[in-house]
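Given the structure is predicted, the values throughout are model-derived calculations rather than measurements. These values consider heavy atoms only, across backbone and side chains, with no hydrogens, waters or symmetry-generated copies.
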Amino acid sequence: SGTLANGDKVVVNADGTVGKAGLFGAISSNSGSSVSNAGPTNAQALRTAFLDSGKIVILYGDQNNSNYITASVGTISGGTITFNTPAVLVSSSEQNWNLVALTGDKFLFAYRKTSTGSPYYVHYAVGTVSGTTISVGAETVDPAVYSNPIISMVYHPAENKVVEMQRGSPGIGGSFMAPRVVTVSGDSVSFGSVGSSIGQENAQSWSAAYDPTSQKIVYAWQQLPGGGVWEGATAVVSVSGSSASVGSVHVFRSNQIGSQAVTVDTTSNKVILSYSNTDYSKRYFKLGTISGSNLSFGSEYIFSDPSVTEVSGTSYLSYDSGTNRILMSYTAWLGQVAGVHNWSSQAVVGVVSGNSITFETPIVLYSPYVSYTNYQSQYFDPISGTVILTNLNNDYEVSAYAITTAAKATNLTTENFVGIADGAYSTGVTATIQTAGAVDDAQSGLTAGQAYFLKGDGTLNTIPDTPRVFAGVALSATELMI
(Lines give C-alpha, C1' and ligand atoms only; values in the text may rest on other atoms or scores of the structure.)
Protein backbone atom coordinates (compact mmCIF):
# COMPACT_ATOMS: atom_id res chain seq x y z
CA SER A 1 0.00 0.00 0.00
CA GLY A 2 1.69 3.20 -1.20
CA THR A 3 4.98 3.47 -3.06
CA LEU A 4 8.27 2.02 -1.79
CA ALA A 5 11.80 3.18 -2.61
CA ASN A 6 14.81 0.90 -2.57
CA GLY A 7 15.99 0.70 1.05
CA ASP A 8 12.69 1.81 2.64
CA LYS A 9 11.86 0.20 5.97
CA VAL A 10 8.65 -1.82 5.67
CA VAL A 11 5.78 -2.66 8.04
CA VAL A 12 2.77 -4.96 7.69
CA ASN A 13 -0.55 -3.10 7.63
CA ALA A 14 -3.72 -4.29 9.35
CA ASP A 15 -5.18 -5.41 5.99
CA GLY A 16 -2.20 -7.68 5.24
CA THR A 17 -0.50 -5.35 2.75
CA VAL A 18 2.90 -3.83 3.40
CA GLY A 19 3.91 -0.17 3.40
CA LYS A 20 6.65 2.24 4.26
CA ALA A 21 7.30 2.88 7.97
CA GLY A 22 6.85 6.53 8.87
CA LEU A 23 4.57 9.34 10.00
CA PHE A 24 1.21 9.71 8.28
CA GLY A 25 -2.19 11.35 8.50
CA ALA A 26 -1.23 14.96 9.23
CA ILE A 27 -3.92 16.79 7.27
CA SER A 28 -7.22 15.83 5.67
CA SER A 29 -10.26 17.58 4.30
CA ASN A 30 -13.84 16.89 3.39
CA SER A 31 -14.68 17.08 -0.30
CA GLY A 32 -16.08 20.60 -0.03
CA SER A 33 -19.65 21.82 0.28
CA SER A 34 -21.27 23.99 -2.36
CA VAL A 35 -23.54 26.74 -1.18
CA SER A 36 -27.14 26.29 -2.31
CA ASN A 37 -27.99 28.69 -5.15
CA ALA A 38 -24.45 30.11 -5.13
CA GLY A 39 -23.09 28.26 -8.12
CA PRO A 40 -21.63 29.45 -11.43
CA THR A 41 -22.28 33.06 -12.56
CA ASN A 42 -23.98 33.87 -9.27
CA ALA A 43 -21.95 35.08 -6.28
CA GLN A 44 -19.43 37.89 -6.05
CA ALA A 45 -17.32 39.52 -3.32
CA LEU A 46 -17.71 36.72 -0.75
CA ARG A 47 -17.28 37.65 2.93
CA THR A 48 -17.42 35.17 5.80
CA ALA A 49 -18.01 35.35 9.56
CA PHE A 50 -17.34 32.37 11.85
CA LEU A 51 -19.61 32.51 14.89
CA ASP A 52 -18.89 31.25 18.43
CA SER A 53 -21.79 28.82 18.08
CA GLY A 54 -20.01 26.97 15.27
CA LYS A 55 -22.21 28.47 12.55
CA ILE A 56 -20.86 30.18 9.44
CA VAL A 57 -22.40 33.26 7.83
CA ILE A 58 -21.45 34.08 4.25
CA LEU A 59 -22.32 37.37 2.59
CA TYR A 60 -22.16 37.98 -1.15
CA GLY A 61 -23.72 39.84 -4.04
CA ASP A 62 -26.26 37.70 -5.89
CA GLN A 63 -25.73 38.37 -9.57
CA ASN A 64 -28.88 36.42 -10.40
CA ASN A 65 -30.91 38.81 -8.26
CA SER A 66 -29.80 42.35 -9.18
CA ASN A 67 -26.63 41.92 -7.09
CA TYR A 68 -28.60 42.23 -3.86
CA ILE A 69 -26.55 41.60 -0.71
CA THR A 70 -27.42 38.02 0.20
CA ALA A 71 -26.52 35.74 3.11
CA SER A 72 -26.53 32.03 3.90
CA VAL A 73 -25.93 30.15 7.17
CA GLY A 74 -23.62 27.12 7.23
CA THR A 75 -23.83 24.39 9.86
CA ILE A 76 -20.88 22.12 10.70
CA SER A 77 -21.59 18.53 11.67
CA GLY A 78 -19.12 15.66 11.65
CA GLY A 79 -16.81 17.33 9.19
CA THR A 80 -19.68 18.16 6.82
CA ILE A 81 -20.84 21.71 6.13
CA THR A 82 -24.38 22.34 4.93
CA PHE A 83 -25.88 25.70 3.96
CA ASN A 84 -29.46 26.86 4.18
CA THR A 85 -31.37 28.59 1.41
CA PRO A 86 -29.84 32.06 0.93
CA ALA A 87 -31.81 35.11 2.06
CA VAL A 88 -31.59 38.73 0.91
CA LEU A 89 -30.28 41.11 3.61
CA VAL A 90 -30.22 44.32 1.54
CA SER A 91 -32.71 44.68 -1.33
CA SER A 92 -30.57 46.95 -3.47
CA SER A 93 -27.35 46.76 -5.41
CA GLU A 94 -24.56 48.20 -3.27
CA GLN A 95 -20.77 48.06 -3.00
CA ASN A 96 -17.94 47.16 -0.66
CA TRP A 97 -19.69 45.10 1.99
CA ASN A 98 -17.90 43.50 4.89
CA LEU A 99 -18.82 41.61 8.06
CA VAL A 100 -17.33 40.38 11.31
CA ALA A 101 -18.43 37.87 13.95
CA LEU A 102 -19.33 39.22 17.38
CA THR A 103 -20.09 37.05 20.42
CA GLY A 104 -22.57 34.18 20.37
CA ASP A 105 -24.78 34.15 17.27
CA LYS A 106 -24.36 37.80 16.34
CA PHE A 107 -22.43 39.51 13.57
CA LEU A 108 -21.98 43.04 12.30
CA PHE A 109 -22.08 43.88 8.62
CA ALA A 110 -21.53 47.12 6.75
CA TYR A 111 -21.80 48.30 3.17
CA ARG A 112 -21.28 51.46 1.18
CA LYS A 113 -24.63 52.82 -0.01
CA THR A 114 -24.25 53.68 -3.68
CA SER A 115 -27.67 52.91 -5.15
CA THR A 116 -29.04 56.33 -4.08
CA GLY A 117 -26.17 58.25 -5.64
CA SER A 118 -23.59 60.61 -4.16
CA PRO A 119 -22.79 61.33 -1.35
CA TYR A 120 -21.97 57.76 -0.39
CA TYR A 121 -22.55 56.76 3.24
CA VAL A 122 -21.65 53.54 5.04
CA HIS A 123 -24.58 51.64 6.55
CA TYR A 124 -24.21 49.22 9.50
CA ALA A 125 -26.55 46.56 10.88
CA VAL A 126 -26.38 43.74 13.43
CA GLY A 127 -27.44 40.26 12.35
CA THR A 128 -28.55 37.44 14.65
CA VAL A 129 -28.59 33.75 13.71
CA SER A 130 -31.27 31.50 15.20
CA GLY A 131 -31.00 27.98 13.83
CA THR A 132 -30.42 28.74 10.17
CA THR A 133 -32.45 31.95 10.08
CA ILE A 134 -30.95 35.44 10.09
CA SER A 135 -32.74 38.44 11.57
CA VAL A 136 -31.34 41.93 11.02
CA GLY A 137 -31.71 44.96 13.28
CA ALA A 138 -32.30 48.53 12.17
CA GLU A 139 -29.52 50.08 10.10
CA THR A 140 -27.23 52.77 11.49
CA VAL A 141 -25.93 55.29 8.97
CA ASP A 142 -22.47 56.75 9.52
CA PRO A 143 -22.90 60.50 8.87
CA ALA A 144 -19.33 60.80 7.54
CA VAL A 145 -18.65 60.55 3.81
CA TYR A 146 -15.72 58.35 2.78
CA SER A 147 -13.74 58.48 -0.43
CA ASN A 148 -13.18 54.71 -0.21
CA PRO A 149 -14.78 51.73 1.53
CA ILE A 150 -14.07 49.85 4.74
CA ILE A 151 -11.14 47.51 4.12
CA SER A 152 -11.25 45.21 7.15
CA MET A 153 -13.25 44.58 10.34
CA VAL A 154 -11.74 42.72 13.32
CA TYR A 155 -13.46 41.85 16.59
CA HIS A 156 -11.53 42.70 19.79
CA PRO A 157 -12.95 40.32 22.45
CA ALA A 158 -11.12 41.85 25.43
CA GLU A 159 -12.75 45.23 24.77
CA ASN A 160 -15.91 43.84 23.14
CA LYS A 161 -15.34 46.24 20.23
CA VAL A 162 -14.91 46.05 16.49
CA VAL A 163 -11.89 47.73 14.91
CA GLU A 164 -12.39 48.71 11.29
CA MET A 165 -9.69 49.90 8.92
CA GLN A 166 -10.84 52.59 6.50
CA ARG A 167 -9.36 54.41 3.53
CA GLY A 168 -10.04 58.08 2.90
CA SER A 169 -11.50 58.75 6.35
CA PRO A 170 -12.56 62.35 7.13
CA GLY A 171 -9.54 64.17 8.52
CA ILE A 172 -7.19 61.62 6.94
CA GLY A 173 -8.18 61.80 3.29
CA GLY A 174 -6.51 60.55 0.16
CA SER A 175 -5.64 56.86 0.08
CA PHE A 176 -4.29 56.67 3.62
CA MET A 177 -5.63 54.06 6.02
CA ALA A 178 -6.78 54.70 9.58
CA PRO A 179 -8.43 52.57 12.33
CA ARG A 180 -11.69 53.35 14.08
CA VAL A 181 -13.48 51.62 16.96
CA VAL A 182 -17.10 50.57 16.52
CA THR A 183 -19.27 49.75 19.55
CA VAL A 184 -22.22 47.37 19.28
CA SER A 185 -24.86 47.32 22.01
CA GLY A 186 -27.83 45.10 21.21
CA ASP A 187 -28.74 46.18 17.69
CA SER A 188 -27.37 49.71 18.01
CA VAL A 189 -24.04 50.81 16.54
CA SER A 190 -21.91 53.80 17.55
CA PHE A 191 -18.53 55.08 16.44
CA GLY A 192 -15.35 56.31 18.06
CA SER A 193 -13.00 58.88 16.56
CA VAL A 194 -10.74 57.97 13.66
CA GLY A 195 -7.17 57.12 14.73
CA SER A 196 -3.96 58.30 13.13
CA SER A 197 -3.08 57.10 9.65
CA ILE A 198 -1.11 53.90 9.27
CA GLY A 199 1.55 53.21 6.66
CA GLN A 200 2.09 54.84 3.28
CA GLU A 201 -0.54 56.16 0.91
CA ASN A 202 -2.05 53.60 -1.49
CA ALA A 203 -1.68 50.77 1.03
CA GLN A 204 -3.59 47.64 -0.03
CA SER A 205 -4.08 43.87 0.47
CA TRP A 206 -4.69 44.08 4.20
CA SER A 207 -4.57 41.09 6.52
CA ALA A 208 -5.26 41.17 10.27
CA ALA A 209 -5.27 38.89 13.32
CA TYR A 210 -6.11 39.38 17.00
CA ASP A 211 -3.47 38.38 19.57
CA PRO A 212 -5.20 37.38 22.85
CA THR A 213 -1.95 37.51 24.85
CA SER A 214 -1.09 41.16 24.13
CA GLN A 215 -4.75 42.02 23.40
CA LYS A 216 -3.66 43.81 20.24
CA ILE A 217 -4.53 43.49 16.58
CA VAL A 218 -1.72 42.76 14.11
CA TYR A 219 -2.02 44.22 10.61
CA ALA A 220 0.04 43.40 7.53
CA TRP A 221 -0.25 45.14 4.17
CA GLN A 222 1.45 46.25 0.94
CA GLN A 223 2.44 49.87 0.44
CA LEU A 224 4.07 51.85 -2.35
CA PRO A 225 6.52 54.54 -1.24
CA GLY A 226 6.83 57.49 -3.60
CA GLY A 227 8.62 56.35 -6.74
CA GLY A 228 9.47 52.99 -5.23
CA VAL A 229 8.35 49.38 -5.46
CA TRP A 230 5.77 47.55 -3.38
CA GLU A 231 7.00 46.75 0.12
CA GLY A 232 5.49 44.76 3.00
CA ALA A 233 4.72 46.41 6.32
CA THR A 234 3.16 45.50 9.66
CA ALA A 235 1.97 47.31 12.78
CA VAL A 236 -0.03 46.59 15.92
CA VAL A 237 -3.16 48.50 16.92
CA SER A 238 -4.17 48.91 20.57
CA VAL A 239 -7.73 49.56 21.73
CA SER A 240 -8.81 51.44 24.84
CA GLY A 241 -12.50 52.19 25.17
CA SER A 242 -13.59 53.82 21.92
CA SER A 243 -10.08 54.80 20.78
CA ALA A 244 -7.55 52.95 18.62
CA SER A 245 -3.83 53.79 18.55
CA VAL A 246 -1.26 52.64 16.01
CA GLY A 247 2.19 51.37 17.03
CA SER A 248 5.42 51.62 15.06
CA VAL A 249 5.28 50.52 11.41
CA HIS A 250 7.77 47.75 10.61
CA VAL A 251 8.77 47.14 6.98
CA PHE A 252 9.44 43.39 6.82
CA ARG A 253 10.46 43.31 3.16
CA SER A 254 11.37 46.29 1.01
CA ASN A 255 11.39 44.85 -2.51
CA GLN A 256 8.53 43.57 -4.65
CA ILE A 257 6.24 42.18 -2.00
CA GLY A 258 3.14 40.30 -3.14
CA SER A 259 0.11 39.12 -1.19
CA GLN A 260 0.49 38.48 2.54
CA ALA A 261 -1.37 36.79 5.39
CA VAL A 262 -1.03 36.85 9.16
CA THR A 263 -2.17 34.77 12.15
CA VAL A 264 -1.11 34.27 15.78
CA ASP A 265 0.25 31.06 17.31
CA THR A 266 -1.11 31.44 20.84
CA THR A 267 0.99 28.55 22.20
CA SER A 268 4.37 29.92 21.14
CA ASN A 269 3.14 33.55 21.33
CA LYS A 270 4.41 34.15 17.82
CA VAL A 271 2.93 36.19 14.99
CA ILE A 272 3.07 34.10 11.79
CA LEU A 273 3.51 36.12 8.61
CA SER A 274 3.35 34.71 5.08
CA TYR A 275 4.02 36.61 1.86
CA SER A 276 5.16 36.27 -1.73
CA ASN A 277 7.51 38.18 -4.02
CA THR A 278 8.73 37.85 -7.60
CA ASP A 279 9.92 34.25 -7.12
CA TYR A 280 6.53 32.71 -7.77
CA SER A 281 7.62 29.17 -6.87
CA LYS A 282 7.89 30.05 -3.16
CA ARG A 283 6.05 31.56 -0.25
CA TYR A 284 8.04 33.22 2.52
CA PHE A 285 7.45 33.12 6.26
CA LYS A 286 8.63 35.11 9.25
CA LEU A 287 7.90 34.69 12.97
CA GLY A 288 7.24 37.86 14.89
CA THR A 289 7.11 38.95 18.53
CA ILE A 290 4.95 41.73 19.99
CA SER A 291 6.61 43.93 22.61
CA GLY A 292 4.49 46.84 23.77
CA SER A 293 3.37 48.64 20.62
CA ASN A 294 6.18 47.22 18.47
CA LEU A 295 6.41 44.12 16.30
CA SER A 296 9.76 42.57 15.35
CA PHE A 297 10.55 39.60 13.10
CA GLY A 298 13.27 36.97 12.90
CA SER A 299 14.73 35.01 9.99
CA GLU A 300 12.94 34.28 6.73
CA TYR A 301 11.72 30.73 6.01
CA ILE A 302 10.64 29.34 2.66
CA PHE A 303 7.80 27.03 1.64
CA SER A 304 7.78 25.51 -1.83
CA ASP A 305 5.71 22.79 -3.46
CA PRO A 306 7.58 20.98 -6.25
CA SER A 307 4.36 19.40 -7.51
CA VAL A 308 3.03 22.74 -8.86
CA THR A 309 4.40 25.58 -10.98
CA GLU A 310 3.64 28.48 -8.65
CA VAL A 311 2.51 28.89 -5.03
CA SER A 312 2.49 32.67 -5.07
CA GLY A 313 -1.27 33.10 -5.30
CA THR A 314 -3.30 34.50 -2.44
CA SER A 315 -2.75 32.61 0.81
CA TYR A 316 -4.59 32.50 4.14
CA LEU A 317 -3.42 31.44 7.59
CA SER A 318 -5.09 30.20 10.76
CA TYR A 319 -3.88 28.63 13.98
CA ASP A 320 -5.36 25.32 15.16
CA SER A 321 -5.20 25.56 18.96
CA GLY A 322 -6.33 21.94 19.26
CA THR A 323 -3.20 20.57 17.58
CA ASN A 324 -0.89 23.60 17.94
CA ARG A 325 -0.39 23.77 14.19
CA ILE A 326 -0.64 26.42 11.49
CA LEU A 327 -2.76 25.82 8.40
CA MET A 328 -2.00 27.73 5.22
CA SER A 329 -4.39 27.48 2.29
CA TYR A 330 -3.19 28.87 -1.00
CA THR A 331 -3.82 29.03 -4.71
CA ALA A 332 -1.30 27.14 -6.83
CA TRP A 333 -0.84 27.56 -10.57
CA LEU A 334 -0.63 24.26 -12.44
CA GLY A 335 0.24 25.75 -15.81
CA GLN A 336 -1.77 26.00 -19.02
CA VAL A 337 -3.71 23.33 -20.88
CA ALA A 338 -4.85 24.29 -24.39
CA GLY A 339 -4.27 27.92 -23.53
CA VAL A 340 -6.37 27.79 -20.34
CA HIS A 341 -4.79 28.63 -16.99
CA ASN A 342 -5.38 25.92 -14.40
CA TRP A 343 -5.35 26.67 -10.67
CA SER A 344 -5.50 24.39 -7.66
CA SER A 345 -6.78 25.19 -4.17
CA GLN A 346 -4.37 23.56 -1.70
CA ALA A 347 -3.49 23.49 2.01
CA VAL A 348 -0.39 22.71 4.06
CA VAL A 349 0.39 22.38 7.77
CA GLY A 350 3.21 24.33 9.40
CA VAL A 351 4.66 23.53 12.81
CA VAL A 352 6.35 26.22 14.91
CA SER A 353 9.26 25.18 17.13
CA GLY A 354 11.14 27.94 18.90
CA ASN A 355 11.94 30.57 16.29
CA SER A 356 11.56 28.30 13.24
CA ILE A 357 8.72 26.82 11.22
CA THR A 358 8.66 23.58 9.20
CA PHE A 359 6.09 22.36 6.69
CA GLU A 360 4.50 19.01 5.94
CA THR A 361 3.17 17.58 2.68
CA PRO A 362 0.39 19.70 1.11
CA ILE A 363 -3.01 18.35 0.14
CA VAL A 364 -5.22 19.36 -2.77
CA LEU A 365 -8.63 20.71 -1.80
CA TYR A 366 -9.90 21.17 -5.32
CA SER A 367 -8.17 20.84 -8.68
CA PRO A 368 -8.20 22.07 -11.25
CA TYR A 369 -9.93 25.39 -10.99
CA VAL A 370 -10.09 26.98 -14.40
CA SER A 371 -9.69 30.35 -12.76
CA TYR A 372 -8.12 32.00 -9.75
CA THR A 373 -9.59 31.60 -6.25
CA ASN A 374 -10.18 34.72 -4.18
CA TYR A 375 -12.35 36.13 -1.42
CA GLN A 376 -11.20 33.31 0.81
CA SER A 377 -11.51 33.07 4.60
CA GLN A 378 -10.51 30.48 7.16
CA TYR A 379 -10.91 30.01 10.89
CA PHE A 380 -10.30 27.33 13.52
CA ASP A 381 -13.61 26.09 14.93
CA PRO A 382 -12.98 24.70 18.44
CA ILE A 383 -16.40 23.01 18.50
CA SER A 384 -15.76 20.72 15.52
CA GLY A 385 -11.96 20.73 15.98
CA THR A 386 -11.48 21.62 12.33
CA VAL A 387 -10.26 24.58 10.31
CA ILE A 388 -13.13 25.91 8.22
CA LEU A 389 -12.27 27.43 4.86
CA THR A 390 -14.59 29.22 2.44
CA ASN A 391 -13.65 30.49 -0.99
CA LEU A 392 -15.01 31.96 -4.20
CA ASN A 393 -13.36 31.48 -7.56
CA ASN A 394 -13.60 33.56 -10.71
CA ASP A 395 -16.37 31.30 -11.97
CA TYR A 396 -18.38 32.69 -9.03
CA GLU A 397 -18.61 29.34 -7.27
CA VAL A 398 -18.68 29.28 -3.46
CA SER A 399 -17.25 26.28 -1.59
CA ALA A 400 -16.54 25.45 2.07
CA TYR A 401 -14.15 22.89 3.54
CA ALA A 402 -13.63 21.37 6.99
CA ILE A 403 -9.91 20.58 7.37
CA THR A 404 -8.34 18.42 10.09
CA THR A 405 -4.74 19.20 11.02
CA ALA A 406 -4.14 16.36 13.50
CA ALA A 407 -0.49 15.71 14.26
CA LYS A 408 1.24 12.95 12.32
CA ALA A 409 1.28 9.52 13.94
CA THR A 410 3.66 6.67 13.22
CA ASN A 411 2.43 3.40 11.74
CA LEU A 412 5.30 1.54 13.44
CA THR A 413 4.61 -0.81 16.34
CA THR A 414 6.79 -3.20 18.34
CA GLU A 415 5.57 -6.09 16.17
CA ASN A 416 4.90 -4.98 12.57
CA PHE A 417 8.40 -4.25 11.19
CA VAL A 418 9.20 -6.97 8.64
CA GLY A 419 12.26 -5.76 6.74
CA ILE A 420 13.61 -3.47 4.02
CA ALA A 421 12.45 -3.04 0.42
CA ASP A 422 14.79 -4.61 -2.16
CA GLY A 423 13.92 -2.18 -4.96
CA ALA A 424 11.39 0.51 -5.91
CA TYR A 425 7.71 -0.46 -6.18
CA SER A 426 4.49 1.37 -7.03
CA THR A 427 1.34 0.89 -5.00
CA GLY A 428 -0.64 -2.33 -5.54
CA VAL A 429 2.19 -4.46 -6.97
CA THR A 430 4.05 -7.39 -5.41
CA ALA A 431 7.26 -6.26 -3.66
CA THR A 432 10.35 -8.15 -2.54
CA ILE A 433 11.12 -7.44 1.11
CA GLN A 434 14.44 -8.42 2.70
CA THR A 435 13.65 -9.93 6.10
CA ALA A 436 15.61 -11.08 9.18
CA GLY A 437 19.05 -12.47 8.29
CA ALA A 438 19.25 -10.70 4.93
CA VAL A 439 21.71 -7.91 4.18
CA ASP A 440 20.37 -4.69 2.65
CA ASP A 441 22.85 -2.58 0.68
CA ALA A 442 20.77 0.57 0.03
CA GLN A 443 21.56 2.53 3.18
CA SER A 444 24.01 5.38 3.71
CA GLY A 445 26.01 6.96 6.51
CA LEU A 446 26.12 3.86 8.74
CA THR A 447 28.96 2.92 11.09
CA ALA A 448 30.19 -0.66 10.73
CA GLY A 449 29.57 -2.79 13.83
CA GLN A 450 26.98 -0.38 15.21
CA ALA A 451 23.46 -1.53 16.17
CA TYR A 452 20.62 0.53 14.66
CA PHE A 453 17.03 1.05 15.74
CA LEU A 454 14.07 2.06 13.59
CA LYS A 455 12.51 5.41 14.51
CA GLY A 456 8.84 6.24 14.20
CA ASP A 457 9.50 8.39 11.14
CA GLY A 458 11.07 5.44 9.29
CA THR A 459 14.72 6.44 9.68
CA LEU A 460 17.57 4.62 11.43
CA ASN A 461 19.26 5.78 14.61
CA THR A 462 21.67 4.34 17.15
CA ILE A 463 19.35 5.51 19.95
CA PRO A 464 16.10 3.56 20.50
CA ASP A 465 12.83 5.42 19.82
CA THR A 466 9.31 4.80 21.06
CA PRO A 467 8.24 2.17 20.19
CA ARG A 468 11.61 0.40 20.58
CA VAL A 469 12.27 -1.54 17.34
CA PHE A 470 15.66 -3.14 16.61
CA ALA A 471 16.47 -2.91 12.88
CA GLY A 472 19.89 -4.61 12.58
CA VAL A 473 23.68 -4.24 12.66
CA ALA A 474 25.70 -2.25 10.13
CA LEU A 475 28.30 -4.18 8.14
CA SER A 476 29.49 -1.08 6.28
CA ALA A 477 28.38 2.48 5.55
CA THR A 478 25.76 1.16 3.10
CA GLU A 479 24.97 -2.36 4.38
CA LEU A 480 22.67 -3.38 7.23
CA MET A 481 22.18 -6.97 8.40
CA ILE A 482 18.50 -7.17 9.35
For Ser259 and Ser276: C-alpha separation, side-chain torsions, deciding distance, then whether side chain to side chain contact (heavy atoms under 4.5 Å, CB included) applies.
CA-CA 6 Å; Ser259 63; Ser276 62; 3.8 Å; yes
Should Val262 and Leu317 count as side-chain neighbours, where that means a heavy-atom distance under 4.5 Å?
no
Does a side chain donor of either Asn294 or Ser291 reach within less than 3.5 Å of an acceptor in the other side chain?
no
Are a donor atom and an acceptor atom from the side chains of Thr48 and Thr390 found within less than 3.5 Å of each other?
yes
Please work out which of the three classes, parallel, tilted or perpendicular, describes the rings of Tyr111 and Phe109, given edges at 30° and 60°.
parallel
Side chains of Asn84 and Ser72, donor plus acceptor under 3.5 Å:
yes
Closest approach of Ala125 to Gly137 (non-hydrogen atoms, all atoms of both residues):
CB-O, 4.0 Å
Tell me yes or no: between the side chains of Gln378 and Tyr316, is some donor less than 3.5 Å from an acceptor?
no
Below 4.5 Å, heavy atoms only, C-beta onward: do Val271 and Thr289 meet side chain to side chain?
no
Would you confirm whether the ring centroid of Phe285 sits within less than 6.0 angstrom of the ring centroid of Phe359?
yes
Donor-acceptor side-chain pairing of Thr183 and Lys161 below 3.5 angstrom:
yes
Residue pair Gly385 / Asp320: nearest heavy atoms and the distance that separates them:
O-OD2, 4.4 Å
For this output row, return yes or no: ring centroids of Tyr124 and Phe191 closer than 6.0 angstrom.
yes
Using side chain to side chain contact (heavy atoms under 4.5 Å, CB included), reason through Val162 and Val181 one step at a time and then give a plain yes or no.
CA-CA 6 Å; Val162 172; Val181 174; over 6 Å; no
Can you confirm whether the side chains of Asn269 and Thr213 place a donor and an acceptor under 3.5 Å from each other?
yes
Atom CG of residue position Asp457 - does it have more than 12 heavy atoms of other residues, nucleotides or ligands inside 6.0 Å?
yes
Look up atom OG in Ser329 and atom CD1 in Ile403, then write down how far apart they are to the nearest 0.5 Å.
6.5 Å
So how far is it from Glu164 CD to Leu108 CG, rounded to the nearest 0.5 Å?
8.0 Å
Exercise: do Glu231 and Ser254 side chains pair donor with acceptor under 3.5 Å
no
Is the Tyr379 ring parallel, tilted or perpendicular to the Phe50 ring (thresholds 30°, 60°)?
parallel
Please report the closest heavy-atom contact between Pro179 and Val246, naming both atoms and the distance.
CG-CG2, 3.8 Å
Sequence neighbours left out, what passes ring-ring contact (aromatic ring centres under 6.0 Å, His included) with Tyr155? Give chain and number order.
none
Assess the side chains of Thr267 and Tyr319: does a donor N or O sit below 3.5 Å from an acceptor N or O?
yes
Quick one, His156 and Lys216 - any side-chain contact, counting heavy atoms below 4.5 Å?
no
Rounded distance [0.5 Å steps], OG in Ser377 versus CG in Leu389:
8.0 Å
Pairwise side-chain contact, Thr234 with Val249, heavy-atom cut-off 4.5 Å (strictly under)
no
Are the ring centres of Phe303 and Tyr284 closer than 6.0 Å?
no
Minimum heavy-atom distance between Ala235 and Gly247, given as atom pair plus value
CB-O, 4.3 Å
State, yes or no, whether a side-chain contact exists between Arg283 and Met328 at a heavy-atom distance under 4.5 Å.
yes
Picking from Leu51, Ile76, Asp381, Val129, what satisfies side-chain contact (heavy atoms from CB on, under 4.5 Å) with Ile56?
Ile76
Less than 6.0 angstrom from the centroid, inside 45 degrees of the normal: does Arg47 satisfy that with respect to the ring of Tyr60?
no
Is there side-chain contact between Leu287 and Val352, with at least one heavy-atom pair below 4.5 Å?
yes
Please report the C-alpha distance between Ile272 and Val264 in whole Å, then the side-chain angles of each, then the deciding distance to 0.1 Å, and finally whether the side chain to side chain contact (heavy atoms under 4.5 Å, CB included) criterion is met.
CA-CA 6 Å; Ile272 314 298; Val264 176; over 6 Å; no
In terms of heavy-atom contacts, Phe107 and Leu99 come closest through CD1-CD1, 3.9 Å
Under a 4.5 Å cut-off applied to non-hydrogen side-chain atoms, are Asp142 and Arg180 in contact?
yes
Determine whether a donor-acceptor pair (N or O, by modelled atom type, separation under 3.5 Å) exists between the side chain of Asn411 and the backbone of Lys20.
yes
Below 4.5 Å, heavy atoms only, C-beta onward: do Ile326 and Val351 meet side chain to side chain?
no
Between the CG atom in Asp62 and the CD1 atom in Ile69, the distance rounded to the nearest 0.5 Å is 11.5 Å
Steps toward side chain to side chain contact (heavy atoms under 4.5 Å, CB included) verdict (Trp97, Arg112)
CA-CA 7 Å; Trp97 48 84; Arg112 190 173 181 224; over 6 Å; no
Between Trp221 and Trp206, what is the ring plane arrangement, given parallel below 30°, perpendicular above 60°, and tilted in between?
parallel
Nearest heavy-atom neighbours spanning Gly195 and Ala178:
O-CB, 3.6 Å
Give, for atom CG of Asp211 and atom NZ of Lys270, the distance between the pair rounded to the nearest 0.5 Å.
11.5 Å
Between atom OG of Ser93 and atom OH of Tyr68, what is the distance when rounded to the nearest 0.5 Å?
8.5 Å
Got a sec, which pairs hit salt bridge (Lys or Arg N to Asp or Glu O under 4.0 Å) with one end in residues 185-194, sequence neighbours left out?
Lys106-Asp187
Given the options Arg253, Lys282, Lys286, Glu300 meets salt bridge (charged side-chain N to carboxylate O under 4.0 Å, His left out) only with Arg253
